[in-house]
Amino acid sequence: MDATWAARKYQVVVRGEQSHTASTVMADRRDALFGASLLVVAVRELAEQSTDIPLHTSVSEMTIEPNSPVVVAREVRMHVDLRSPDEALLGSAAKKPAESIPGIEERASVTIEQVQTHGWGVAPFPAAGVELAAQAADELGLSHRTMMTIAGHDSVNMKDVTADAGRRARRSG
């Protein structure tokens, strides 16, 4: 790995009104799960619309309240994740869910709050660490290639540890 993709992560809360599924007519429902579902589709469509440059999107960690089989949901909390090797594309894509929120709020009779929890730009790995990994693979007779990582929990975290260890080794050596 020689770099990581850029990412933006959001916590989204969709609020409606809890009611009974049998006695609440469809036109009167303020179904948070319906609103959340529309947003899930909008986030997925972002990736499908990005045909020239990769864009990965996902919605996860969905919590539904009250999460009952006979109750219209009053609240949905979910995590939205957007990633791309192109920061300009990511910046543009990150604006689109927020732009779709007013229409979703109106259609589902809900309110939606979106807060960015964290994010990072394309981050190159220390060249010495990339070179060291290639040398180790060569010495073991393993094939290798240089590429960007998409995940944020693998070599992204290790790159800083190995860079620090390399600096300490150079100082003591």
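Placement of V80 and V13 in two distinct hydrophobic clusters is found when ILVMFWY residues are connected by side-chain heavy-atom separations under 4.5 Å, directly or transitively.
Of all the heavy atoms in V12 and Q114, the pair that sits closest is CG2-CG, 4.0 Å. The two residues V110 and G16 have their closest heavy-atom pair at CG1-CA, 4.1 Å. Annotation for V14 and A32: closest pair CG1-O, 3.4 Å, computed over non-hydrogen atoms. Counting all heavy atoms, side chain and backbone alike, E87 lies closest to V122 at OE2-N, 2.9 Å. Closest heavy-atom contact between T21 and V72: CG2-N, 3.9 Å. Closest approach of A94 to L82, counting heavy atoms only: CA-CD1, 3.6 Å.
Contact of the Q49 side chain with the L55 side chain is not registered, since no non-hydrogen atoms from C-beta on lie closer than 4.5 Å. Residues V40 and M78 meet the side-chain proximity criterion, which asks for heavy atoms closer than 4.5 Å. Within the 4.5 Å cutoff, side-chain heavy atoms of P97 are placed close to those of L46. A 4.5 Å side-chain heavy-atom check between T63 and E65 finds at least one atom pair inside the cut-off.
A donor-acceptor pair is defined here as one N or O able to donate and one able to accept, closer than 3.5 Å; no such pair exists between the side chain of T117 and the backbone of Q11. Side-chain atoms of W120 come within 3.5 Å of backbone N or O of W5 as a donor-acceptor pair. Between the side chain of S50 and the backbone N or O of A47, no donor-acceptor pair lies under 3.5 Å. In terms of modelled atom types and a separation under 3.5 Å, the side chain of S84 and the main chain of L90 share no donor-acceptor contact. Between the T57 side chain and the V43 main chain, a donor and an acceptor come within less than 3.5 Å of each other. Between the side chain of R29 and the main chain of T24, a donor-acceptor pair closer than 3.5 Å is present. Here the side chain of R83 pairs no donor or acceptor atom with the backbone of R8 at under 3.5 angstrom.
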Exercise for the section: Apply side chain to side chain donor-acceptor pair (under 3.5 Å) to H144 and D138, showing your working. Expected result: CA-CA 8 Å; H144 58 86; D138 286 340; 2.8 Å; yes

Problem - Chi angles and distances behind the salt bridge (Lys or Arg N to Asp or Glu O under 4.0 Å) call for E48, R44 - result: CA-CA 7 Å; E48 293 172 355; R44 174 59 184 253; 3.3 Å; yes

Handout entry: From CA spacing to verdict: side chain to side chain donor-acceptor pair (under 3.5 Å), E139, Q135
Key = CA-CA 6 Å; E139 289 172 11; Q135 289 173 358; over 6 Å; no

Practice task
Please lay out, stage by stage, how R74 and E17 fare under the test salt bridge (Lys or Arg N to Asp or Glu O under 4.0 Å).
Solution key: CA-CA 4 Å; R74 73 174 172 269; E17 183 177 298; over 6 Å; no

Handout entry: Evaluation steps, side chain to side chain contact (heavy atoms under 4.5 Å, CB included), between L39 and S100
Key = CA-CA 8 Å; L39 190 57; S100 68; 4.0 Å; yes

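Applying the side-chain contact (heavy atoms from CB on, under 4.5 Å) test to E105 and every residue at least two apart in sequence or in another chain returns I101, T111, I112. For H79, there are no ring pair (Phe, Tyr, Trp, His ring centres under 6.0 Å) partners two or more places apart in sequence or in a different chain. Residues that satisfy the side-chain contact (heavy atoms from CB on, under 4.5 Å) test with S37, not counting sequence neighbours, are L33.
The environment of K9 atom NZ is dense: over 12 non-hydrogen atoms of other residues, nucleotides or ligands sit within 6.0 angstrom.
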